[in-house]
Participant: 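Can you read through this structure? Questions will come right after.
In this chain, residues are counted from 1 in sequence order.
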Amino acid sequence: MKFPRIFTLSVLLSLLAPAIAADGPGLTVNAYGRGHVSLNGKWSAIPDLYDQGRRMEVYKNRTPQGNTDFYEYSFDTGCLRLDVPGDWNSQTPELKYYEGTVWYARPFEARAIPGRRSVLHFAGVSYRATVYLNGNEIASHEGSFTPFEVDVTDFLSSDGKNFLVVEANNRRTPDAIPAEAFDWWNYGGITRDVLLLDLPERHVSDYTVRLAPGTSDIVEAEVVLSKPEGGVPVDVAIPSLKSKVALTTDTDGRATGRFRAKGLKLWAPGAPVLYDVVVASPADTVTERIGFRTLGVDGTKILVNGRPEFMRSISFHEEIPQRRGRACTMQDAVQLVGEAEALGVNMIRTAHYPQNEHIVRLAEERGILLWEEIPVWQGISFTDSATLAKAQRMMTEMITRDKNRCAVAFWSVANETRPSPERDRFVKALIDTVRALDSSRLVTAAFDNIGYDKKSGTFTGADNIPSLLDVVAVNKYMGWYAPWPLDPEKCVWDFASGKPLLISEFGGEALYGQSGSEDIASSWSEEYQERLYRDNLAMMSRIPNLAGISPWVLYDFRSPFRFHPLNQEGWNRKGLVGDRGDRKKAWHVMHDFYMSKKNGAQ
């Protein structure tokens, strides 16, 4: 029995492991579903603007032992106390704009147990992280929005008293992803959960469970053990359906198979059905809620479970505007996903980076499709092979974390990148990476190089990448960054003909509560934003291959290069909801439009 693409992930992960964590494993799938201790809470912190902490070896946490001993740091007294998870920018005014290094530290109790492995799992550190345990450097990682982990069993103190230090650095650089300039706040710190996993010596490290292609009740499964060993029995079961399959690992510790799940109900937008799926080996048992659905395209239509589905989408940043900080808890996820749900969406574009698991899993529970992407946004160093390898690793980490989330429908490889031979090679390599890792989802990217061609009288553009994608997306700010060349009702589009097209961004800025002319953009008024939305919807009604829309954006969000002293003050004001949670007039335009689409209006 062969599975041509589903099982390439573990191989690629093994090749990328050195970049993920020094001398550590790849990623443990479903980390939250394993036995663990949370290391969240108050951590001691030392800002290090000039990067002197390594020279001073602050990670060793030394204290004076004699009369002539002294050290120019201390994690015990007089230092900052920061919440983990959380960004440092919103926790103290002095660090609002800080970009550089902050040393985090905390003690914890754990000791090595025979037959067990202790694994430190970081859900996200912005942007670079170096991890030290009991004075030893044990791991490093680059990228704010994907997880990493390291086996710490052999580094634990024999007396059970351990000291953990994380060197976090959010300095922007040309070779970073995203690069030096991006339109959101550069939050720094340990911004997501930290878990200490407790795992059997030979545990289930990876698994993929999903529908077999072309079927509605055949489940295919791959299970990978943490150590290569053949002949190990592995079961995959859906107890509520009384369905399971008994597998046996090969010499690589991998087991594959299929089984029929009679009575299986498919997950669908607005009708989420999730099952407890149990993966068991002699030494380990993991349970996870998993849904099953099919995805495809038929001409210009996007199909979910074989039926056309118009994408009623919205984007938001991983930010709570009222707190002016990163969203990092389940309660934060409830606020963001709940406001999107109230708008009437069936999809969320988690722009412009993989957002935390609380958001992803809650959206799935609520029956909302997801578009996920890594922050290959505008000024990426496309000529740098190391940057490409970095992007491929980030893509791999994102897919590894969320490959069992049936809500994820789209993997996006780029946003607003301009055509060039170097960019084309870079993005094509990412597309190839995605297709090798996961052939069950739709691959997309968002373009902004679409303009009005006076000669043909159409909105069009030239680009080599759309032909490689399943679904094409366009960011187009008519009435804001681009003036109307003719009445919206008369606009004609001819782009990505024959493929589904999403308008992945449109909109304009308005300051909540500000009234003004609906004809003048410089009014920054709710009335202008409201009319802009009505005009854009009128234009989109004439796009022949339109398969969905996703306005930019749900909430106003912080952005340092939004300079207007009266109307922006460091905020991007394109939100349908203001920074204090108030809905603007345009929110109601989109809500009414989405309700009409939901109720079958064409």
Participant: Under a 4.0 Å N-O cut-off, is there an ion pair linking Arg534 with Glu530?
Facilitator: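 The answer is yes: the pair qualifies as a salt bridge.
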Participant: Is it true that a side-chain atom of Asp494 and a backbone atom of Thr460 form a donor plus acceptor pair closer than 3.5 Å?
Facilitator: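 No, the answer is negative, given that no donor and acceptor are paired below the 3.5 Å cut-off.
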Participant: So which of Trp184, Trp371, Trp377, Tyr187 actually passes ring-ring contact (aromatic ring centres under 6.0 Å, His included) with Tyr353?
Facilitator: Trp184
Participant: Please work out whether the ring planes of His591 and Trp587 are parallel, tilted or perpendicular, with thresholds of 30° and 60°.
Facilitator: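 Correct class here is parallel.
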Participant: Under 3.5 Å, side chain of Gln355 to main-chain N/O of Ala351, donor-acceptor pair present?
Facilitator: yes
Participant: Given 3.5 Å as the limit, does a donor-acceptor pair link the side chain of Arg349 with the main chain of Ser504, or not?
Facilitator: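 Between the backbone of Ser504 and the side chain of Arg349 there is a qualifying donor-acceptor contact (under 3.5 Å).
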Participant: Strictly distance-based, threshold 3.5 Å: is any side-chain N or O of Gln91 a donor or acceptor partner for the main-chain N or O of Asp87?
Facilitator: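 Checked: pair present.
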Participant: Is the backbone N or O of Trp484 less than 3.5 Å from a side-chain atom of Tyr452, with the two atoms forming a donor-acceptor pair by type?
Facilitator: no
Participant: A quick test of your reading: do over 12 heavy atoms of other residues, nucleotides or ligands sit less than 6.0 Å from CZ of Arg562?
Facilitator: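 Enclosed: over 12 neighbouring heavy atoms sit under 6.0 Å from CZ of Arg562.
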Participant: I'd like to know if Glu319 pairs up with Arg558 as an ion pair, taking the criterion as any Lys NZ or Arg NE/NH1/NH2 lying under 4.0 Å from an Asp or Glu carboxylate oxygen.
Facilitator: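 So Glu319 does not pair with Arg558 through a salt bridge.
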Participant: Could you check Thr417, Thr387, Asp175 and say which one makes a side-chain contact (heavy atoms from CB on, under 4.5 Å) with Ile380?
Facilitator: Thr387
Participant: Counting only heavy atoms not in Tyr97, do more than 12 sit closer than 6.0 Å to its OH atom?
Facilitator: no
Participant: Heavy-atom count check: over 12 atoms from other residues, nucleotides or ligands less than 6.0 Å from Arg542 CZ?
Facilitator: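 Enclosed.
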Participant: Keeping the roles fixed (side chain from Arg128, backbone from Arg171), state whether a donor-acceptor pair exists under 3.5 Å.
Facilitator: yes
Participant: Taking the six-membered ring for Trp and the full ring for Phe, Tyr or His, determine whether the centres of Trp552 and Trp480 are under 6.0 Å apart.
Facilitator: no
Participant: Is it the case that the ring center of Phe122 lies less than 6.0 angstrom away from the ring center of Phe148?
Facilitator: yes
Participant: Please say which of Ile399, Thr350, Ile348 ends up in a side-chain contact (heavy atoms from CB on, under 4.5 Å) with Glu372.
Facilitator: Thr350
Participant: Quick one: pull up CG in Asp83 and CD1 in Ile190 and give me the separation to the nearest 0.5 Å.
Facilitator: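 Here the interatomic distance stands at 11.5 Å.
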Participant: Under 3.5 Å, is there a donor-acceptor pair between the side chain of Asn545 and the main chain of Phe495?
Facilitator: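 Yes, Asn545 side chain to Phe495 backbone: donor-acceptor pair under 3.5 Å.
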Participant: Tell me if a side-chain donor or acceptor on Arg326 pairs with a main-chain N or O of Arg192 at a distance below 3.5 Å.
Facilitator: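 Not a single qualifying donor-acceptor pair exists.
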Participant: Donor-acceptor pair, Glu509 side chain versus Trp524 backbone, under 3.5 Å?
Facilitator: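 Checking the backbone N and O of Trp524 against the side chain of Glu509, no donor-acceptor pair under 3.5 Å is found.
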Participant: Does atom NZ (Lys265) have a neighbourhood of more than 12 heavy atoms from anything else shown, all under 6.0 Å?
Facilitator: no
Participant: Answer yes or no: is there a donor N or O on one side and an acceptor on the other, between the side chain of Gln529 and the main chain of Gly508, under 3.5 Å?
Facilitator: yes
Participant: Is it true that the side chains of Glu397 and His141 contain a donor and an acceptor less than 3.5 Å apart?
Facilitator: yes
